[in-house]
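Have a look at the structure below, then the notes.
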Amino acid sequence: MKRFWVGCVAAGLVGGALAAGQAGAASIFQVTTTQAVTQDILTLRGHPGYRDPNPFLADPYIFFDEHVRILTQEADVWDPSQIPTSPTQIPFPGDYNVISSADVTGTWTFNADFLTGIDTGRIATDQDDAQFLGRTAAVSSFRARANGTDVGSGVTISTAVYALNDLVVGVGGERLDVIGIVAEEAPQAHIETDGIILFLGGADNWFETAAGSIPNFNDIVVSAIENREVLSDSNGDELFESLISNDAGAYPLRFSGFGAADGSSEQSPLLPDSVSAGPGSSPAFSFDVASAGTNLVFIDPEIAVGYTYELVGGGTVAAFQAPTLGAVNDPDGYTLVLPDGTTFNVLPGDMVDFVAEGYGNVTTFDIIGISEALMIDPLDATTFVAGFLFNGTGAGSNMLQTAIVVDTDAAVPLPPAVALLLAGLGGLGLVSRRGRRAA
């Protein structure tokens, strides 16, 4: 039997105060940030304020109804009050965009070893000069919150890493070395997206100083978020374009490093490699445990008070070890419930040996009693670590972890944004430019 740890610790250092390791050792990282962003939605079926000159038309505003239909039925507008109720409210000519604002909290999972391959001899004049460094299957999670309410959330299935060396970003010729961490969504029919991008910018010697090793995350001076989506109908005709973005600023960043993330310890747990909607729309994270011998979905505000674990694809769970206090600060512990109703009280760090207790065929059980005060986000697979011993696992064996949730109206405290740096930089010069739309 081999002990595996799944999930991971939401520990890290605020403000990027983390020196990355040298090349050679596996370096799976997560970076979490909360940033104020703008959602900018442009419908693409004619200008809603255009008035047809034909005097015999009963309704000369021939594009307005379609504009409202797209915004109410196709687009997820964060602030519905911005949707116009009359075409006379809409200035014409010129593009008309519906604007909303929210705080987006995202956790990107990426392989920092990719950053050792940056070519410092290659200068980026624009985003087309981005160096592709690598891609890995890694689940990232996101939540948008506006006016005290969750307005959007979701997960992505892979992460690509890019670099732009000495990119000109300011009107005065200022340059930054920029990393782009792209959380990529599963392909969906009729949706074109660039992924949810976190830009991390350091001074123009940031990459050169690293010299073939992972750049020091302490040296990040600005960051920004961007996500562009275009939705088309079944005929391939574009309905709307959505751009989520903000100005580059010195936003708080929290990094967590998990080494090889191979499940060998509480400090190096397995991370999920896929996610699906579980019962009641709770996310179910999947962890590949074969070697033992993881579009934005809208949900109600919820917090996790427990998890259901299920081993599928072969094998049994021989033992379970609860998170230590260093991983989850819940000193009164948890209750483990087997399918037949048998319960075990489990304190932090305690192990339940199912085989020794006479339960040799366990494949599923619940852990309940997680303190609501911890406000564990059910979308986040990075806040609850647990150890497992398995018997008989092999190819195709996966541990599923599904959140048990409770509704709450309590607002999750968000880290305060700090003062903007380099105010003239905008979105690091990488925000897509929109073409003009004909009436």
Is it true that a side-chain atom of [X] and a backbone atom of [Y] form a donor plus acceptor pair closer than 3.5 Å?
{"X": "S268", "Y": "A261", "value": "yes"}
{"X": "D129", "Y": "T125", "value": "yes"}
{"X": "W206", "Y": "N216", "value": "yes"}
{"X": "D353", "Y": "A356", "value": "yes"}
{"X": "D204", "Y": "D166", "value": "no"}
{"X": "T136", "Y": "A138", "value": "no"}
{"X": "D330", "Y": "S371", "value": "yes"}
{"X": "N246", "Y": "A224", "value": "no"}
{"X": "Q131", "Y": "D119", "value": "yes"}

### Task
Apply side chain to side chain contact (heavy atoms under 4.5 Å, CB included) to the pair V161 and N111, showing each step before the final yes or no.
CA-CA 8 Å; V161 180; N111 187 342; over 6 Å; no
Could you state the interatomic distance from [atom1] ([X]) to [atom2] ([Y]), rounded to the nearest 0.5 Å?
{"X": "H190", "Y": "L239", "atom1": "NE2", "atom2": "CG", "value": "9.5 Å"}
{"X": "T159", "Y": "I181", "atom1": "OG1", "atom2": "CD1", "value": "8.0 Å"}
{"X": "L231", "Y": "I191", "atom1": "CG", "atom2": "CD1", "value": "5.5 Å"}
{"X": "L133", "Y": "I118", "atom1": "CG", "atom2": "CD1", "value": "5.5 Å"}
{"X": "F29", "Y": "L115", "atom1": "CZ", "atom2": "CG", "value": "9.5 Å"}
{"X": "W78", "Y": "S242", "atom1": "CH2", "atom2": "OG", "value": "7.5 Å"}

### Message
Counting the benzene-type ring for Trp, do Y309 and F388 have ring centres under 6.0 Å apart?
### Response
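Judged by ring-centre distance (under 6.0 Å), Y309 and F388 do meet the cut-off.
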### Message
Please confirm whether the ring centroid of F384 lies under 6.0 Å from the ring centroid of Y334.
### Response
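Yes: the rings meet the under 6.0 Å criterion.
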Between [Y] and [X], is there a side-chain donor-acceptor contact under 3.5 Å, judged purely by atom types and distance?
{"X": "Q39", "Y": "S101", "result": "no"}
{"X": "S27", "Y": "D113", "result": "yes"}
{"X": "T109", "Y": "Q30", "result": "yes"}
{"X": "S81", "Y": "D79", "result": "yes"}

4.5 Å side-chain heavy-atom contact, [X] and [Y]:
{"X": "T43", "Y": "E238", "answer": "no"}
{"X": "E229", "Y": "F240", "answer": "no"}
{"X": "L42", "Y": "E241", "answer": "yes"}
{"X": "Q82", "Y": "I41", "answer": "no"}
{"X": "N227", "Y": "V37", "answer": "no"}
{"X": "L164", "Y": "D177", "answer": "no"}
{"X": "P215", "Y": "F217", "answer": "no"}
{"X": "T308", "Y": "Q401", "answer": "no"}

### Query
Only one of L311, T393, V312 forms a side chain to side chain contact (heavy atoms under 4.5 Å, CB included) with N398, so which one is it?
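Exactly one option meets the side chain to side chain contact (heavy atoms under 4.5 Å, CB included) with N398, and it is V312.
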### D332, CG atom: more than 12 neighbouring heavy atoms under 6.0 Å
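Atom CG in D332 is packed in, count exceeds 12.
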### Task
Go through the steps to decide whether Y307 and F285 satisfy the test side chain to side chain contact (heavy atoms under 4.5 Å, CB included), and finish with yes or no.
CA-CA 10 Å; Y307 290 96; F285 294 96; 6.0 Å; no
### Message
Before you tell me yes or no, could you show the steps for R122 and N165 under side chain to side chain contact (heavy atoms under 4.5 Å, CB included), namely the whole-Å CA-CA distance, both residues' side-chain angles and the distance that decides it to 0.1 Å?
### Response
CA-CA 7 Å; R122 181 174 164 185; N165 184 48; 5.7 Å; no
Looking at every non-hydrogen atom in both residues, tell me the closest pair between [X] and [Y] and how far apart they are.
{"X": "L338", "Y": "T364", "result": "CD2-O, 4.5 Å"}
{"X": "L347", "Y": "A322", "result": "O-CB, 3.7 Å"}
{"X": "P84", "Y": "L71", "result": "CD-CD1, 4.3 Å"}
{"X": "S223", "Y": "L198", "result": "CB-CD1, 4.4 Å"}
{"X": "G195", "Y": "V182", "result": "CA-CG1, 4.1 Å"}
{"X": "F132", "Y": "A160", "result": "CE1-CB, 4.0 Å"}

Kindly write out the residues that satisfy side chain to side chain donor-acceptor pair (under 3.5 Å) with [X], not counting sequence neighbours, or none if the list is empty.
{"X": "S158", "answer": "E184"}
{"X": "T316", "answer": "none"}
{"X": "T120", "answer": "none"}

Residues forming a salt bridge (charged side-chain N to carboxylate O under 4.0 Å, His left out) with [X], sequence neighbours excluded:
{"X": "E357", "result": "none"}
{"X": "E310", "result": "none"}
{"X": "E192", "result": "R228"}
{"X": "R69", "result": "E66, E74"}

### Task
Start with the C-alpha distance between S100 and V77, add both sets of side-chain angles, then the distance that settles side chain to side chain contact (heavy atoms under 4.5 Å, CB included), and finish with yes or no.
CA-CA 7 Å; S100 301; V77 181; 3.7 Å; yes
### F207: ring pair (Phe, Tyr, Trp, His ring centres under 6.0 Å) partners, not counting sequence neighbours
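F207 satisfies ring pair (Phe, Tyr, Trp, His ring centres under 6.0 Å) with no residue once adjacent residues are dropped.
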### Task
Could you list the residues that satisfy ring pair (Phe, Tyr, Trp, His ring centres under 6.0 Å) with F354, not counting sequence neighbours?
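Ring pair (Phe, Tyr, Trp, His ring centres under 6.0 Å) check on F354 returns F365.
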### Message
For A183, give me all partners under side-chain contact (heavy atoms from CB on, under 4.5 Å), at least two apart in sequence or on another chain.
### Response
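Only W108, S140, F142, T156, I196 meet the side-chain contact (heavy atoms from CB on, under 4.5 Å) criterion with A183.
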### Task
Go through the structure and list residues passing side-chain contact (heavy atoms from CB on, under 4.5 Å) with I368, not counting sequence neighbours.
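I368 satisfies side-chain contact (heavy atoms from CB on, under 4.5 Å) with T335, V337, D366, I404 once adjacent residues are dropped.
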### Query
Among pairs that include at least one residue of residues 337-350, which meet side chain to side chain donor-acceptor pair (under 3.5 Å), considering only residues two or more places apart or in two chains?
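Qualifying pairs, neighbours excluded: D340-T342, T342-Y359.
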